[in-house]
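Here is the structure we will look at, set down as structure tokens.
Letters go in sequence order (proteins before strands), and every chain restarts at 1. Atoms considered below: every heavy atom in the structure, side chains included; atoms not considered: hydrogens, waters and symmetry mates.
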Amino acid sequence: MDKTTFDFKEIQGREDRLAPGHRLCAGCGASIAVRNVLKALHPGDHAVVGNATGCLEVSSYTYPYTAYEDSYIHTAFENAGATLSGVETAYRVLRKKGKVGADYKFITFGGDGGTYDIGLQSLSGAMERGHDMVYVCYDNGAYMNTGIQRSSATPEFADTTTTPVGKVSTGKPQSRKDLAAVMAAHHIPYVGQTTFIGNMKDLYTKAERAIYTEGPAFLNIMAPCPRGWRYDAPKLGEICKLAVETCYWPLFEVAEGKWILNYEPKKKLPIEDFLKQQGRFKHLFKPENEHCIGEFQAEVDRRWEELLARCAG
Amino acid sequence: MAVRTRMSGNEAVAHAIRQIDPDVMPAFPITPSTEIPQYVSTMIANGEIETEFIPVESEHSAMSAAIGAGAAGARTFTATSSAGLALMWEVVYVAASTRLPLVMAVVNRGLTGPLNINAEHSDSMGARDSGWIQIYAENNQEAYDNMIQAYRIAEHADVHLPVMICQDGFITSHAVENISLLDDAPVKKFVGEYQPEHFLLNEKEPVAVGPYAVSNYCMEAKKAQAEAMIRSKKVILDVARDFEEISGRAYGFFEAYRMDDAEYAVAAIGSVCGTAKDAVDRLREKGVKAGLIKVRVFRPFPGEELAEALRGCKAVAIMDRCESYSGEGGPLGAELTAAMYRAKVTAETVNIVYGLSGRDVRVEDMEQVYADLRSMAEEGKRFAQYPYLGLRE
């Protein structure tokens, strides 16, 4: 990452653009993602915030209350990319015609359901067309709003309500889609993958770069869900740290086609350290399922090596 | 000076768009409406208009982007047909409930299956309860004229609802006919500048669009939307009156053709009405008191007015270019019969399904419809609840 002007106090002192009082759960990663991405907007800059249907939408804009200080639009589940591309296009025309005076930034949020799955086409179209916008996926690895059904972002072996663990089932049979790589393959100016680490410097710098890079940008933010992952809410930060230290969730970015690894653990921790914190993987620690952990580890290793090669190249 | 020329229905709609010069047009091609985004793209490529075209990857995204652009404060247009409208389905409702004055040219084509690309009203009739105003055209002239009136209706402070401007696929959209075009200046003056009330890009007043609403609030929102649809009736007529002043062409909810003393009437929508008019003229020459009601506005449904126009008729054939699979007939049949019952208009009625998937309807077919109406009324002949016209035996 380029040199940054990260001043923790100044940034956290900025007025919140996601107001308190929304109805998301305690320990929910979505609100942390939104609050901190919006902190990366420079004070005084205008924005239109978009949102796919999901936990975030129903909890942050429940009529007649909105938690957003900026203009906000939600239309449906699978179309956050398309909806914001309409807003952004309108902005360009109205700006040219002198009907809108201020500068605006365009940021839309979707969960992994609205992004990896049902909204993938709309996202892909918006990125390919080159709209000047940021699409932020808060990836909690399942359809949490409808009650923890699997998504293509759900890790292998996770216990969800549509991949339940049972007598002949060890949870989700498939491993997760690597959406950041899919978005990088769109050859857009900026793709970043991050989560909540330390003082949020990684998230902040990526969000700022995404917002202030001209053209389309995509951010993939791992945002744990205490209900779906079944961890104690205060352990949120620890789980994020373990996801990074085990290389399950590497911090990287693809800027103008260049792959950059932002953090390399000094000592890569075994994947058990990440899995054992979460109730959705509890079954993997039964003796008969030991091989699952081995398979999980092998997949993490394979992807990590692939990422290292991309970043070295 | 009005220009007399000839062009297809799609070209006529595109010409109106050139004159209106909307801010944003997201669209995805689908037969038979494809020419409209093609014409508009060419105008943009030649610098004739300032419209921004969004080449979206699907119709669902076309309507989603249209909602985004409309909410941002842009005058927005799109076009589609058939499966394209069906794919938009979910967001078509969102557009109306968000109270956005979008305009969509719908070039009517049947829904699959079997897969077919020809004229039928099943696409827009399927969206009849979506909260959009629907205005139908008999020919290219009406498609053009309706297009010019659309934004005035949609953007009116008493309305704030999206409008579908419908015409029959191929029969109207592709057939080249004579047309009278207005000059650019009077059209621009008639349509006027768009001044949105609340919009996302108003830096003085940020606004949130598209809430989740619990049962405590939802029903009131829907009632407000329904009231706007009712209020649009007056606006549609006011706009038509203003349009007559610049064009000399009069429009209402429907056209009553030779209905003054009519005993036998057909009520229908779209291009078939041209054919029906020829049949009426032939029958009138023979002394048969035949007439036609051409429904122009289907949403809001002018039930009282239509029923009143049919009062005094002995028998009425209500014709649907659409199967609703209710086992009872088509949508116009159901709604007009109900309106007649409420108004105590007691003519015999028959609901005829015709022209599905582009099946041709000839003047002779329409003459037979009138002959059947006479035998219904005068000989007491009974017909099937809803016969198909021109079905191969």
Quiz item: Where on Val56(B) is there a heavy atom nearer than 4.5 Å to chain A: the side chain, the backbone, both, or neither?
Solution: both
Quiz item: Can you tell me if Gln121(A) and Ser58(B) form a side-chain donor-acceptor pair at under 3.5 Å?
Solution: yes
Quiz prompt | Portion of Tyr194(B) that has a non-hydrogen atom of chain A nearer than 4.5 angstrom | solution = backbone
Self-check item: For Ile73(A) against Ala71(B), the heavy-atom pair lying closest together
Solution: CD1-CB, 3.7 Å
Quiz item: What option among Met63(B), Glu205(B), Glu50(B) has the most heavy-atom pairs under 4.5 Å with chain A?
Solution: Glu50(B)
Exercise. Name the region of Val207(B), side chain, backbone, both or neither, that has any atom closer than 4.5 Å to a heavy atom of chain A.
Key: both
Quiz prompt | Exercise: identify the closest heavy-atom pair between Arg129(A) and Pro55(B) | solution = CD-O, 3.5 Å
Quiz item: Given side chains that start at C-beta, do those of Thr98(B) and Thr75(A) come closer than 4.5 Å, heavy atoms only?
Solution: no
Quiz prompt | Derivation and outcome, side-chain contact (heavy atoms from CB on, under 4.5 Å), residues Glu78(A) and Glu90(B) | solution = CA-CA 10 Å; Glu78(A) 70 282 55; Glu90(B) 174 197 28; 2.6 Å; yes
Quiz item: Given side chains that start at C-beta, do those of Val209(B) and Tyr72(A) come closer than 4.5 Å, heavy atoms only?
Solution: no
Exercise. Against chain A, label Ala213(B) side chain, backbone, both or neither, depending on which of its atoms sit under 4.5 Å from a heavy atom there.
Key: both
Exercise. Before accepting this row, confirm whether a basic side-chain N of the pair Glu193(B)/Lys97(A) lies closer than 4.0 Å to the acidic partner's carboxylate O.
Key: no
